[in-house]
Amino acid sequence: MSHLPPVVWLVIGIVVLVMVGLCVATAYAILRARAKIARCPASRLIVLGVAAIVPWLVVWLVPIAISVNIHGAIQATSWLILILLVFALLVLLPVAVVTSGVVWWKESRRPITDSRGPT
C-alpha cells in the first residue's frame, strides 16, 4: 500500500479529514437542537437506535467482499461518494443517535425552571 503516489495519499488524507469533520458537525447539530430533542418521546429515539443498528447487522451478518479497480476520475469520484454514503450509515447515524440519546437523557433529568424567574 505504500507504493501509492503522493496524490492518492493526499486524497485519502482529505477524505479522512472530511469524515472527521462530518462527525463533529453531526454532534454539533444534535447539540444545537437540544430543546427539540428533549421534547421527543423515548419511542422515537428507540426507533432511531434500531435504524442505526440495522446497517451494522448487515455488515456483520452478510459476507461482503469488495474488489475495486479504478481507472479514471469518474470511477474514483463514484467510489468516494459511495464510501461517504456508507460512512454516513455506519458512523454518522450511530453518532447522531447516541448523541441524541445522551442529550435527551440529560435534558429529561434536568429540573424544570420557569424562564420568568421567581415570582
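On a predicted model such as this, the values are computed, not experimentally measured, just so you know.
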J.: I'd like a table of donor-acceptor pairs (distance under 3.5 Å, sequence neighbours excluded) in which one partner is a side-chain atom from residues 73-101, with atom names and distances.
T.:
from, atom 1, to, atom 2, distance (Å)
Gln75, OE1, His71, N, 2.6
Thr77, OG1, Ala73, O, 2.7
Ser78, OG, Ile74, O, 2.8
Thr99, OG1, Val95, O, 2.6
Ser100, OG, Ala96, O, 2.7

J.: Counting only pairs under 3.5 Å, give me each side-chain donor-acceptor contact of residues 31-43, with atom names and distances, residues two or more places apart or in other chains.
T.:
none

J.: Transitive ILVMFWY cluster of Val47 at side-chain heavy atoms under 4.5 Å: who else is in it?
T.: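 Besides Val47, the cluster holds no residue at all.
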J.: Could you pull out all residues at least two apart from Val8 that satisfy side-chain contact (heavy atoms from CB on, under 4.5 Å)?
T.: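 With sequence neighbours excluded, Val8 shows a side-chain contact (heavy atoms from CB on, under 4.5 Å) to Leu4, Pro5, Ile12, given in chain and number order.
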J.: Which hydrophobic side chains are connected to Ile53, either touching it within the sub-4.5 Å cutoff or through other members that do?
T.: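 Via sub-4.5 Å side-chain contacts, Ile53 links to Leu57, Trp60, Leu61.
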J.: In the hydrophobic clustering (ILVMFWY, side-chain contacts below 4.5 Å, transitive), which residues join Tyr28, or is it alone?
T.: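 Hydrophobic cluster check, Tyr28: no partners found.
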J.: Linking I/L/V/M/F/W/Y whenever any side-chain heavy atoms sit under 4.5 Å apart, do Leu10 and Val15 land together?
T.: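 Both belong to a single hydrophobic cluster.
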